[in-house]
Amino acid sequence: MKDIIRQLVEAIGPSGYEGEVRALVQKMLKGHVDSMKVDALGNLIARKGKKGVDGLTIMLSAHLDEIGIIATHIDDNGFVRFTSIGGVLPRNTAGGRVRFLKTGQVGVIGLEAHKNTSSVPGLDKMYIDLGASRRAGVKVSVGDVAAFDRPFEDLGGRLVAKAMDDRIGVAILVEVMKGLKATPHEVVGVFSTQEEVGIRGATTAAYGVDPDLGIALDVTLTGDTPNADTMAVALGNGPAIKVKDSGMISDPRVVAWMEAGARKARLPFQREVLSGGTTDARSIQMARAGVPVGCLSIPCRYVHSPSEMVDYGDVQNSVKLLLALLARPVKLGGR
Ligand code: CO
Ligand code: ZN
């Protein structure tokens, strides 16, 4: 599975420009699913299985897009000013590198002189240096997009890359769609677009799929690093079953079903309450007349930095848990 993770995290796909990542997923799923289609927002919708008498239409969603930047201005000396696509954190930005989608060109993020070294300057005080000395030598145009550039690293049990958010969810969903054998359900794997700019892809995908149950697959923060904000989630303690984040309260029946499934399959899991951020599950929950949802989170350190870190055991256990859950009928009961 590490090979597919490497391919996915090293692909470039800022929000709205997910084509390269989507093509990679289409190639990985070819021959392993019953159908695939791409909708108007660029969501890849893959289906497998038929909804039997005790079956549901279950939508699983992982987002293709990553945070990135977009060029806003190029000066006479060839320095490119930019703004963010999604939640780019200035403290993780200066000194880094970006790679432009259209040309593959790499640039270094530089910072204007600043006197107050105790504060972090905003992105408006930064620029991209493409190694040019004149505007004429620059092949970047206003509106061109780029992603942070950093190779995948395998530290043994821990994997590091840019865009683990949410390519690790994408990798898990690819493995689940491929590994799914007998299921009473129609399983719809949605590889969604534009999550980082406000969960836009999953909104239209959920309307189109009209599921009976939804689960998002995305990263969550951890509390296991020096002086981290207090949080119960830690790398290596198993996939996290989300109870609540700042945009969504999981259906308690879905949480109970996921926990019971993990216990039955003897897989480790942790409960997650995230104080900031949300996932595709928010959009699925509020689609049409409403959908029961949950979220399986992959614990991740340094989210929205070029070095996001996950635990490989958590990743593999996420695949196992989802396959175990999807193999049996779902009885949520009344509320
Ligand atoms: Co994110
Ligand atoms: Zn995400």
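Values in this document were obtained by computation on a predicted structure and should not be read as measured data. We're numbering straight along the sequence, starting at 1.
Note: Lys244 NZ to Ile249 CD1 = 6.0 Å, rounded to the nearest 0.5 Å. Separating the CH2 atom in Trp257 from the CG atom in Leu332 is a distance of 7.5 Å, to the nearest 0.5 Å. Summarising the geometry, atom OG1 belonging to Thr278 is positioned 3.5 Å from atom CG belonging to Asp245; distances are rounded to the nearest 0.5 Å.
Clustering ILVMFWY residues whenever any of their side-chain heavy atoms sit less than 4.5 angstrom apart, transitively, puts Val293 in a cluster other than the one holding Met258. Note on Ile298 and Met309: separate hydrophobic clusters, where clusters join Ile, Leu, Val, Met, Phe, Trp and Tyr whose side-chain heavy atoms are under 4.5 Å apart, directly or indirectly. Hydrophobic clustering (ILVMFWY, side-chain heavy atoms < 4.5 Å, transitive): Ile4 and Val25 are in one cluster. Residues Leu44 and Leu8 share a hydrophobic cluster, clusters being chains of Ile/Leu/Val/Met/Phe/Trp/Tyr side chains in contact below 4.5 Å.
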(request) Please assess Arg301 against Glu308 for the test salt bridge (Lys or Arg N to Asp or Glu O under 4.0 Å), listing each intermediate value before the final yes or no. (result) CA-CA 6 Å; Arg301 292 179 183 163; Glu308 299 175 328; over 6 Å; no
(message) Evaluate Ile284 against Met59 for side-chain contact (heavy atoms from CB on, under 4.5 Å), listing each step before the verdict.
(response) CA-CA 8 Å; Ile284 305 171; Met59 172 171 164; 3.8 Å; yes
(request) Mind running side-chain hydrogen bond (donor to acceptor under 3.5 Å, both in side chains) on Glu196 and Ser15 for me, showing each step along the way? (result) CA-CA 7 Å; Glu196 296 289 358; Ser15 309; over 6 Å; no
(request) Could you go through the side-chain hydrogen bond (donor to acceptor under 3.5 Å, both in side chains) check for Asp65 and Thr193 one step at a time? (result) CA-CA 6 Å; Asp65 62 311; Thr193 56; over 6 Å; no
(message) Before you tell me yes or no, could you show the steps for Thr57 and Glu186 under side-chain hydrogen bond (donor to acceptor under 3.5 Å, both in side chains), namely the whole-Å CA-CA distance, both residues' side-chain angles and the distance that decides it to 0.1 Å?
(response) CA-CA 5 Å; Thr57 294; Glu186 180 190 30; 3.0 Å; yes
(message) The test is salt bridge (Lys or Arg N to Asp or Glu O under 4.0 Å); show your working for Glu10 and Lys162 and say whether it passes.
(response) CA-CA 8 Å; Glu10 291 189 347; Lys162 62 98 179 153; over 6 Å; no
(request) Could you go through the side-chain contact (heavy atoms from CB on, under 4.5 Å) check for Asp212 and Lys51 one step at a time? (result) CA-CA 11 Å; Asp212 303 310; Lys51 182 168 158 175; 2.9 Å; yes
(request) Apply the test side-chain hydrogen bond (donor to acceptor under 3.5 Å, both in side chains) to residues His63 and Asp218: give CA-CA distance (whole Å), side-chain angles for both, the deciding distance (0.1 Å), then the verdict. (result) CA-CA 8 Å; His63 66 89; Asp218 208 335; 3.2 Å; yes
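Partner of Lys48 under the side chain to side chain contact (heavy atoms under 4.5 Å, CB included) criterion, out of Leu29, Val176, Leu326, Leu180: Leu180 alone. When Asn237, Asn317, Leu235 are each tested for a side chain to side chain contact (heavy atoms under 4.5 Å, CB included) with Asp311, only one passes: Leu235.
Ion pairing between a basic and an acidic side chain is recognised when a charged N comes within 4.0 Å of a carboxylate O; Lys2 and Asp154 show such pairing. Salt-bridge formation is not detected for the pair Arg134/Asp76: no Lys NZ or Arg NE/NH1/NH2 atom is positioned less than 4.0 Å from an Asp or Glu carboxylate oxygen. Salt-bridge annotation for Arg167 and Glu18: absent, with no side-chain N of the basic residue lying under 4.0 Å from a carboxylate O of the acidic one.
Between Val140 and Gln105, some side-chain heavy-atom pair lies under the 4.5 Å cut-off. Between Ile69 and Phe148 there is a side-chain heavy-atom pair separated by less than 4.5 Å. A 4.5 Å side-chain heavy-atom check between Thr83 and Leu123 finds every atom pair outside the cut-off. By the 4.5 Å heavy-atom criterion applied to side chains, Val80 and Tyr127 are not counted as neighbours. The side-chain heavy atoms of Leu274 and Ser246, taken from C-beta on, include no pair separated by under 4.5 Å. Proximity of Thr220 to Met231: side-chain heavy atoms (C-beta onward) are separated by under 4.5 Å at one or more points. Using a 4.5 Å heavy-atom threshold, the side chains of Met164 and Phe152 count as touching. A 4.5 Å side-chain heavy-atom check between Glu175 and Ile172 finds every atom pair outside the cut-off.
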Pairs under 3.5 angstrom only: tabulate donor-acceptor contacts from the side chains of residues 197-209 to other protein residues two or more places apart or in another chain.
| unit_1 | atom_1 | unit_2 | atom_2 | d |
| --- | --- | --- | --- | --- |
| Arg200 | NE | Val197 | O | 3.2 |
| Arg200 | NH2 | Val197 | O | 3.0 |
| Thr203 | OG1 | Ile199 | O | 2.6 |
| Thr203 | OG1 | Ser283 | OG | 2.9 |
| Thr204 | OG1 | Asn43 | ND2 | 3.4 |
| Thr204 | OG1 | Gly201 | O | 3.2 |

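Pairs passing the side chain to side chain donor-acceptor pair (under 3.5 Å) check and including a residue from residues 19-29, sequence neighbours excluded, do not occur.
Heavy-atom contacts from other residues, nucleotides or ligands closer than 6.0 Å to NE2 of His114 number more than 12. Enclosure of atom CZ in Arg91 is not indicated, since only 12 or fewer non-hydrogen atoms of other residues, nucleotides or ligands lie within 6.0 angstrom.
For the side chain to side chain contact (heavy atoms under 4.5 Å, CB included) test, residues two or more places apart in sequence or in another chain that qualify with Arg99 are Ile12, Val106, Asp149.
Across all their heavy atoms, Glu66 and Gly13 have their closest contact at OE2-N, 2.7 Å.
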